[in-house]
Amino acid sequence: MRLLRMLPALVLATGISLAADAPPQIAQSCTECHDKDNTKGGLDLTALPFDLQDPATRDRWIRIYDRVEKGEMPPKPEDLPQSERADIVQSLSKSILTADHADILAHGRGPLRRLNRDEYEQNLRDILQLPDLDIRDILPEDREGQRFNKTTQMLDMSRVQLVAYLDAAEAALHAAMTTEPAPPEVIKYRAVGTDLFPGTGTFGNREAMFFAQDNKAMEFRRKNDKGKDESTEHDFAKDDTIEMALFRAASWPYIGTLKHFTAKRAGSYKVRFSARAVLQQPGFVITQAVKPLPMTFRTRKPAGADIINEVHDSGGIIDIQPEKRVYETTVRLREGEAIEYSVLGIPMPLAMNPNGSGPTYRYPPFPEGGQPGIAVQWLEIEGPIASQTWPPPSHHVLFDDLGIEPKPRDPQQDAKRLLRRFVKLAAREPVPEEDLQLLDALIQSQLAKNIPFREAMLAGYKAFLASGDFIYVREPLKADDHYAIASRLSHFLTNSRPDAQLMQLAQNKNLRDPQVLRAETERLIASNGFDRFVKNFTDCWLSLRQIRRDDPDIRLFPEYRFDEYLVESMERETRTFFTSMIRDNLPASVLVQSDFVFANDRLAAHYQLPPLSGSAMRKVSLPKDSPYGGLLTQAAVLKVSANGTTTSPVVRGAWVMERLIGQPPPPPPASVPAVEPDIRGAKTIRDLLALHTKSKSCAACHARFDPVGLALENFDILGGWRTNYRGLEEGKRIDGIDRAGHSYSYTIASPVDTNGKLLDGRTFKDVSQLKTLIASDPRQLARNLLHQFTLYSTGTPVRFSDRPEIESMLDACAKDGYRVQDLMHALVQSHTFLGQ
């Protein structure tokens, strides 16, 4: 009461313009540092109204609330007694909750959201029955908000984007339509002998590739009648007694295509081939391998070594076994493209000539036992694979049973029928008749101008696919908004439109039944479409899309040069682990701590685990002393939170606090430079950080995340374990030849020191102890997951008035350890997801 009586005097003395219903303690306790003369942190409370109806002003008061509630402001606890802090928090919370809830009731949780380009493409793939439709890049790249490309405020609509949607729709419709009276001719090609590879002994000298007969390399030279050397390669083009032996990984520049084959038409092609895994021994002799070797196919247009064409992986990873076997896969080829062999995890010799004149090839020393590779006996390719019915299903979607060249008896009536049929197939909820009549008028105007019936219909379809009825995903606002619920659920868990079962449940108004909604959520989680959710969510939340952003510094980390198989395995591990978190309903604590990893042969070696065979990811129990386990110490996470040169405790620590724990640090001051690594090896990272955080303000902020980053310093830029840093000048020198045939030389520098103290005073000596400390608060880990799921599924971050319901969800999941699928079910059943 004394503070309330003092308020008028404080206002008079300081000129504070706080509204009468603002907590009076704000004026007494906060304006000393936040008035017009001392705007610390850029905040002047004397100029900030308490107008909570204004969204921007309300957001500022929410930030003030959060800082006070967490005890961050005032920074000294003695400046604000706990009882007064509680009064401020309670008063602010009540006022902000009331204002925010009223805004949601009036306007919804966020703006109307359009489909992003990934969702738009997938919607069209599903509607037109074209699983390989590729129109994504016609659309502008979506802006991101809070890392996600589904944020409503970022998915605005402009004239440029509308034109792009029209262009993408037109391209998709023309891909769906056929004008050919019969399926395209299927081409069958079989390669044996020297037709299996474009050259002999090229692309890395004979150590990298040769043709073999009876397990020995062949020579393709002879003397002609004039005594000159000539090639005999063409004599063995059809010889099925020889093998193509390949011991070089596919990386640019590299030409390993079949002779005499390129795709005449775009489409899917079936590939069958016979191969075995082998070992190359000295003298160009091959022996049977002792373990499988993974490979895939890459597709691109053939070109000379000086021309780089776009390369695509296709057909999945195939483990070639030591015994001769026949393998089969399907690749997607564009017109003019060919396939090339891409053997994973073996050297890619490529060096520059000393005079800088161009590339030369130097093979690294063979590993003990021999150099792994594959030997191919024959390969067949057949395609394009045509639909079993003609016209194909995509054409039928557009024109029903009117055939290749639709010529209806009554164009006007058939146009209306086909339009309504198409809209029913494509729309995610019933479309108003007045909208259909506008499309009718467009089609009829085309017909009146003697535009062919087919093109007139495509004009109407295109207009619908670029209309608000199709582009926008509505938020559930009413009790009977079952179609909006279906669309929100399907775009959340499959990144696409509701399927027939979900649409039927929406039509029957069953989706507010908790049991039905739970069953549908579980069905979608178990579906193949869930992989799209996993990929897009982890791409955004964990920045997995940037896993290839920085190449390793080959001076310091030569063992990682051109190791695409490792990077690809790292990415697959994290996606597999995250899928397991949800499908196996693991506790939220596995974000930082688990007694298992998912690994394959390459990752087992990287994590110093017992050897594994094959490329498939499998669950592997960890030794008790392993530093790995949990998302926190996965190689992919450790790579995207580092850069290609060195690790940074600042960057990694801030990344972990924001992404995994949900406590993002404030942005760094623009005037403060980043910590630059000392790659000589002379100074430790702790020395550099001590210089960087001399000021108290810097030190106070860095104390929130630097200790977490320091605990992760035992992991290098790709998550490999280390006990010492590397440098180029100071320390014991290590020399060798890397997997690309380059000489390297680096030094073993200072030892890694990982001990630290968290902001709350708890100490740790290594990453294992840090994991235990973080995992001791599973509710915060679960809370962060719920915040991420909410933003991804609704397009709007957790609002202030959502917070009590988030805490209720956490309460409901607490007894079972905050299991991740339980959290997802709680969200889907909530008012936040289903609407008020």
Side-chain angles (χ1 to χ4, degrees), residues 249 275-277 289-297 313 315-323 325 327-329 342-346 372 374 525-535 537-539 542 544 547 560 563-640 715 718-721 768 771 819-821:
R276 61 183 177 127
V290 296
K291 60 182 180 179
L293 188 66
M295 69 161 290
T296 186
F297 289 102
D313 292 330
I317 297 178
I318 304 166
D319 287 332
I320 306 301
Q321 302 296 324
E323 303 82 15
R325 294 186 187 179
Y327 301 90
E328 184 173 314
T329 188
S342 181
V343 189
L344 305 175
I346 60 176
I374 64 169
I525 288 173
S527 71
N528 293 333
F530 189 68
D531 291 343
R532 296 191 292 267
F533 159 76
V534 169
K535 182 181 186 306
F537 187 84
T538 53
D539 272 351
L542 302 176
L544 281 193
I547 196 169
Y560 295 144
D563 198 346
E564 171 61 21
Y565 183 40
L566 172 59
V567 177
E568 192 269 348
S569 298
M570 290 158 47
E571 181 181 1
R572 287 171 57 213
E573 177 201 12
T574 297
R575 299 200 201 280
T576 304
F577 186 89
F578 182 69
T579 302
S580 177
M581 283 174 58
I582 299 172
R583 283 184 170 163
D584 297 333
N585 203 17
L586 303 181
S589 59
V590 298
L591 286 171
V592 296
Q593 192 176 52
S594 69
D595 59 0
F596 68 91
V597 294
F598 285 93
N600 60 4
D601 50 1
R602 183 64 187 89
L603 280 177
H606 190 56
Y607 290 160
Q608 301 178 24
L609 299 174
L612 295 176
S613 177
S615 63
M617 288 292 159
R618 71 216 74 170
K619 189 174 182 179
V620 178
S621 296
L622 290 170
K624 289 185 178 181
D625 60 348
S626 174
Y628 295 98
L631 204 64
L632 174 65
T633 49
Q634 287 178 13
V637 166
L638 293 163
K639 183 179 190 302
V640 297
F715 303 97
L718 262 69
W721 182 257
S768 296
K771 287 181 177 185
R819 295 184 176 273
V820 180
Q821 190 180 131

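We use all heavy atoms of the structure for the numbers below, so side chains are in, but hydrogens, waters and symmetry mates are not.
For the atom pair CG of Leu344 and CG of Leu566, the computed distance is 11.5 Å after rounding to the nearest 0.5 Å. How far CE of Met295 is from OG1 of Thr329: 9.0 Å, rounded to the nearest 0.5 Å. Between atom CG of residue Leu591 and atom CE of residue Met581 there is a gap of 4.0 Å, rounded to the nearest 0.5 Å. With rounding to the nearest 0.5 Å, the separation of OG1 in Thr633 from CH2 in Trp721 is 9.5 Å. The line from NZ of Lys771 to OG of Ser589 is 11.5 Å long, rounded to the nearest 0.5 Å.
Proximity of a side-chain donor or acceptor of His606 to a complementary backbone N or O of Ala635 within less than 3.5 Å is not detected. Looking only at distances, a side-chain donor or acceptor of Lys639 sits under 3.5 Å from a matching main-chain atom of Ile547. Using a distance-only test at 3.5 Å, with no hydrogens or angles considered, no donor-acceptor pair links the side chain of Ser342 to the main chain of Phe297. Side-chain atoms of Arg325 do not come within 3.5 Å of backbone N or O of Glu323 as any donor-acceptor pair.
Between the side chains of Lys619 and Ser580, no donor N or O sits under 3.5 Å from an acceptor N or O. Between the side chains of Asp319 and Ser615, at least one donor N or O lies within less than 3.5 Å of an accepting N or O.
Heavy-atom minimum distance, Pro322 versus Ala289: CB-O, 3.2 Å. The nearest pair of heavy atoms linking Ala604 to Ala599 is N-CB, 4.2 Å. Contact between Gln821 and Asn585 at its shortest, heavy atoms only, is N-OD1, 2.9 Å. Closest approach of Pro292 to Gly614, counting heavy atoms only: CG-N, 3.9 Å. Contact record, Ser768 with Pro627: OG-CA, 4.4 Å, taken as the closest heavy-atom pair. For the residue pair Ile582 and Val820, the shortest heavy atom distance occurs at CG1-CG1, 3.8 Å.
Of the candidates Ile346, Ile318, Leu293, Ile374 forms a side chain to side chain contact (heavy atoms under 4.5 Å, CB included) with just one, namely Leu293.
Side-chain contact check for Phe598 versus Phe578: every heavy-atom pair is 4.5 Å or farther apart. Side-chain atoms of Leu622 and Val597, non-hydrogen and from C-beta on, do get closer than 4.5 Å to each other.
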Passes side-chain contact (heavy atoms from CB on, under 4.5 Å), Leu603 versus Leu609? Steps please. CA-CA 8 Å; Leu603 280 177; Leu609 299 174; over 6 Å; no

Walk me through it: do Phe715 and Tyr607 pass the test ring pair (Phe, Tyr, Trp, His ring centres under 6.0 Å)? CA-CA 10 Å; Phe715 303 97; Tyr607 290 160; 8.7 Å; no

For the pair Phe596 and Phe577, evaluate ring pair (Phe, Tyr, Trp, His ring centres under 6.0 Å) and give the outcome as yes or no after the intermediate values. CA-CA 10 Å; Phe596 68 91; Phe577 186 89; 5.6 Å; yes

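Residues that satisfy the side chain to side chain contact (heavy atoms under 4.5 Å, CB included) test with Thr574, not counting sequence neighbours, are Leu542, Leu544, Leu631, Gln634, Ala636.
With respect to Asp539 and Lys535, a salt bridge is recorded, a charged nitrogen being found less than 4.0 Å from a carboxylate O.
Evaluation of the salt bridge (Lys or Arg N to Asp or Glu O under 4.0 Å) test over residues 582-606, restricted to residues two or more places apart or in two chains, returns Asp563-Arg602.
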